[in-house]
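The residues of the chain are indexed from 1 along the displayed sequence. Worth knowing before you read on, the calculation uses all heavy atoms, side chains too, and leaves out hydrogens, waters and symmetry mates.
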Amino acid sequence: MADIGEEVKNKQVIFRDYVSGFPKESDFIITTATIRLKLPEGSNGVLVKTLYLSCDPYMRMLMESRSGPTSYSPGSLVYGFGVAKVLESAHSDFNEGDQLWGILKWEEYSVVEEPGKLFKIHHTDVPLSYYTGILGMPGITAYFGFHDICSPKKGEYVFVSAASGAVGQLVGQLAKLMGCYVVGSAGSKEKIELLKNKFGFDEVFNYKEEQDLDAALKRCFPEGIDIYFENVGGKMLDAVLLNMRPHGRIAVCGMISQYNLDQSEGVHNLLHLVLQRIRMEGFSAPDYFHLNANFLEAMLPYIREGKINYVEDMVHGLESGPAALIGLFSGRNIGKQVVAISTE
């Protein structure tokens, strides 16, 4: 471990230029800079050592200029959710040795000048990497998207697309804990087995092997769907709309099938929102960050008591980050994709 004040090498991931279509590893540059492990004079921030970084589908949208002020800037550092350890602090909310999660730059050491939006980690009896997933942004997405947006009731019929991902695996298990009937879709035999045997889904189908998604949903839901947790969009959403029950609810947190298309696919069955009185609502995890304490109070007992299982796909080293991030869009990951930078 380097000492405070020492100058050290600092590996970084730089965003090369705006992306069209599927991102490639060549859209990122791995470089090494130097950093003095000391906060700048007059800083009110924190100096941190990165421990884990999260790969999330929304990051694809930041690779385009049309995302506006939130876009990655060509030639600048990639950023996303991560977990870090505080090496030095000039901020009243953090002390040396604290662990935190929030938006971090993709580099080994960082100065965060505005740490007010970072969350201090108080519960360390679970793996720190969980704060990139089940106890971080994806967990908040799953928990509040399901309970707040979907308003579930015992015995209802729930469908989760991209069900083996960081959010989907949690939504399915939360639904089972509510006493719902749960079906998921995924894109490989390994993911199908995971959903059935580890996460306890009642039924699962491989969307890549289905010639007719409408028929697949009617097979799994002969009485229709009450709740759809939308992660995919496109043809899947179109098929689901044909199978929703009256007064069904659709929570939309992402549409990964659309992110790499120059022109998004049209959705043709929206009239069913009217015919079936369906409520369809989009949301984003930051809408609920102010309820983080309530979220932890609910989720931590599930983890500690073994009521929720959680699977991570871990790669090691910052240089592995670009390939891991790009792999999300071809379904390469099994579970939550995490980049381990350091265990110190």
Quiz item: Any side-chain heavy atom of Gln173 sitting closer than 4.5 Å to one from Tyr302?
Solution: no
Quiz item: Do Phe146 and Leu177 belong to the same hydrophobic cluster, where Ile, Leu, Val, Met, Phe, Trp and Tyr are linked whenever their side-chain heavy atoms lie under 4.5 Å apart, directly or via other members?
Solution: yes
Exercise. Applying ring-ring contact (aromatic ring centres under 6.0 Å, His included), name anything that partners His147, two or more places apart in sequence or on another chain.
Key: Tyr143
Exercise. Name all residues meeting the ring-ring contact (aromatic ring centres under 6.0 Å, His included) criterion together with Phe15; count only those two or more places apart in sequence or in a different chain, and write none if there are none.
Key: Tyr72
Quiz item: With no hydrogens and no angle check, do the side chains of Lys218 and Asn243 hold a donor and an acceptor under 3.5 Å apart?
Solution: yes
Quiz item: Do you reckon Leu275 sits in the same ILVMFWY cluster as Met244, going by side-chain contacts under 4.5 Å, direct or chained?
Solution: no
Exercise. Would you give the length of the straight line joining atom CD1 of Ile256 to atom CG of Leu328, rounded to the nearest 0.5 angstrom?
Key: 6.0 Å
Practice problem: State whether the side chain of Asp238 and the backbone N or O of His268 hold a donor-acceptor pair below 3.5 Å, judged by distance alone. | Solution: yes
Exercise. Quick one: pull up CD in Glu265 and CE in Met255 and give me the separation to the nearest 0.5 Å.
Key: 11.0 Å
Exercise. Only counting residues at least two apart or in another chain, list the ones meeting ring-ring contact (aromatic ring centres under 6.0 Å, His included) with Phe205.
Key: Phe159
Quiz item: To the nearest 0.5 Å, what is the distance between OG1 (Thr132) and CG (Leu104)?
Solution: 11.0 Å
Quiz prompt | Heavy-atom closest pair, residues Asp212 and Asp214 | solution = OD1-N, 3.0 Å
Quiz item: Would a 4.5 Å heavy-atom cut-off, applied to side chains only, mark Ile227 and Pro152 as touching?
Solution: yes
Exercise. Please tell me if the side chains of Leu87 and Ile4 come closer than 4.5 Å, counting only heavy atoms from C-beta onward.
Key: yes
Exercise. In sequence, state the C-alpha distance, the side-chain angles, and the governing distance for Leu296 and Leu135, and then conclude on side-chain contact (heavy atoms from CB on, under 4.5 Å).
Key: CA-CA 7 Å; Leu296 290 174; Leu135 293 178; 3.9 Å; yes
Practice problem: Please report the shortest heavy-atom distance between Asn10 and Glu108, naming the atom on each side. | Solution: OD1-N, 3.0 Å
Quiz item: When rounded to the nearest 0.5 angstrom, what is the spacing between SG in Cys150 and CD in Glu281?
Solution: 9.5 Å
Practice problem: Could you check if a side-chain atom of Ile250 sits within less than 4.5 angstrom of a side-chain atom of Leu241, using non-hydrogen atoms only? | Solution: yes
Self-check item: ring-ring contact (aromatic ring centres under 6.0 Å, His included) involving Tyr288 - partner list, sequence neighbours excluded
Solution: Phe144
Practice problem: Under the side-chain contact (heavy atoms from CB on, under 4.5 Å) rule, what do Thr141 and Met137 come out as? Steps first, then yes or no, please. | Solution: CA-CA 6 Å; Thr141 301; Met137 182 275 290; 3.6 Å; yes
Exercise. Please report the closest heavy-atom contact between Ala285 and Ile140, naming both atoms and the distance.
Key: O-CG2, 3.8 Å
Self-check item: Where Leu195 and Ala186 come nearest, the two heavy atoms and their spacing
Solution: CD1-CB, 3.8 Å
Quiz item: Does Glu203 reach the side chain of Phe221, with side-chain heavy atoms less than 4.5 Å apart?
Solution: no
Could you go through residues 115-122 and list every donor-acceptor pair under 3.5 Å that involves a side-chain atom there, pairing it with any protein atom two or more places apart or in another chain?
residue	atom	partner	partner atom	Å
Lys120	NZ	Asp93	O	3.0
Lys120	NZ	Asp98	OD2	3.4

Quiz item: Below 4.5 Å, heavy atoms only, C-beta onward: do Ser342 and Lys49 meet side chain to side chain?
Solution: yes
Quiz item: Is there a side-chain contact between Arg279 and Ser151, using heavy atoms and a 4.5 Å cut-off?
Solution: yes
Show which side-chain atoms of residues 37-45 pair as donor or acceptor with protein atoms under 3.5 Å away, not counting sequence neighbours.
residue	atom	partner	partner atom	Å
Lys38	NZ	Glu88	OE2	3.2
Ser43	OG	Gly45	N	2.9
Ser43	OG	Glu113	OE1	2.9

Quiz item: Under a single-linkage definition using a 4.5 Å side-chain heavy-atom cutoff for Ile, Leu, Val, Met, Phe, Trp and Tyr, are Leu62 and Ile14 assigned to the same hydrophobic cluster?
Solution: no
Exercise. Give a yes or no on whether the backbone of Glu96 and the side-chain of Ser89 come within a donor-acceptor separation of less than 3.5 Å.
Key: no
Quiz item: Hey, does the side chain of Tyr310 reach the backbone of Ile134 with a donor-acceptor pair shorter than 3.5 angstrom?
Solution: yes
Practice problem: For Gln12 and Glu107, indicate whether the former's side chain and the latter's backbone hold a donor-acceptor pair under 3.5 Å. | Solution: no
Quiz item: Looking only at heavy atoms, what is the nearest atom pair of Phe201 and Val183, with distance?
Solution: CD2-C, 3.8 Å
Exercise. Tell me, with the steps shown, if Val240 and Leu213 meet side-chain contact (heavy atoms from CB on, under 4.5 Å).
Key: CA-CA 8 Å; Val240 168; Leu213 292 173; over 6 Å; no
Please list, one pair per line, the donor and acceptor atoms closer than 3.5 Å that link side chains of residues 330-341 to other protein atoms, with sequence neighbours excluded.
residue	atom	partner	partner atom	Å
Ser330	OG	Gly327	O	3.4
Arg332	NH1	Ala323	O	3.2
Asn333	ND2	Gly335	O	2.8
Lys336	NZ	Ser54	OG	2.5
Lys336	NZ	Cys55	O	3.1
Lys336	NZ	Asp56	OD1	2.7
Gln337	NE2	Asp313	O	2.8

Quiz item: In Å and rounded to the nearest 0.5 Å, what is the CG to CH2 distance from Leu318 to Trp106?
Solution: 7.5 Å
Quiz item: Who are the side-chain hydrogen bond (donor to acceptor under 3.5 Å, both in side chains) partners of Glu193, not counting sequence neighbours?
Solution: Asn197
Atom pairs and distances, donor-acceptor, side-chain atoms in residues 160-172, under 3.5 Å, two or more places apart:
residue	atom	partner	partner atom	Å
Ser161	OG	Tyr228	OH	2.9
Ser161	OG	Asn231	N	3.2
Gln169	OE1	Val311	N	3.1
Gln169	NE2	Gly165	O	3.3
Gln169	NE2	Val311	O	3.4

Practice problem: If a pair satisfies salt bridge (Lys or Arg N to Asp or Glu O under 4.0 Å) and one of its residues is in residues 240-257, list it, with sequence neighbours excluded. | Solution: Glu156-Arg249, Asp226-Arg245
Quiz item: Is any side-chain heavy atom of Tyr52 less than 4.5 Å from a side-chain heavy atom of Met314?
Solution: yes
Exercise. Under the side-chain contact (heavy atoms from CB on, under 4.5 Å) rule, what do Tyr131 and Val126 come out as? Steps first, then yes or no, please.
Key: CA-CA 9 Å; Tyr131 290 91; Val126 295; 4.2 Å; yes
Please set out all donor-acceptor pairs under 3.5 angstrom arising from side-chain atoms of residues 18-36, sequence neighbours excluded.
residue	atom	partner	partner atom	Å
Ser20	OG	Asp262	OD1	3.1
Asp27	OD2	Lys24	N	2.7
Arg36	NH1	Gly5	O	2.8

Quiz item: Counting only N and O atoms by type, is there a donor-acceptor contact under 3.5 Å from the side chain of Ser110 to the main-chain atoms of Val48?
Solution: no
Quiz item: What salt bridge (Lys or Arg N to Asp or Glu O under 4.0 Å) pairs are there with at least one residue in residues 289-312, not counting sequence neighbours?
Solution: Asp125-Arg304, Glu305-Lys307
Practice problem: Considering non-hydrogen atoms only, spot the tightest contact between Ala251 and Phe283 and give its length. | Solution: CB-CE2, 4.0 Å
Self-check item: Gap between atom CD1 of Ile303 and atom CG of Asn309 - 0.5 Å precision
Solution: 10.5 Å
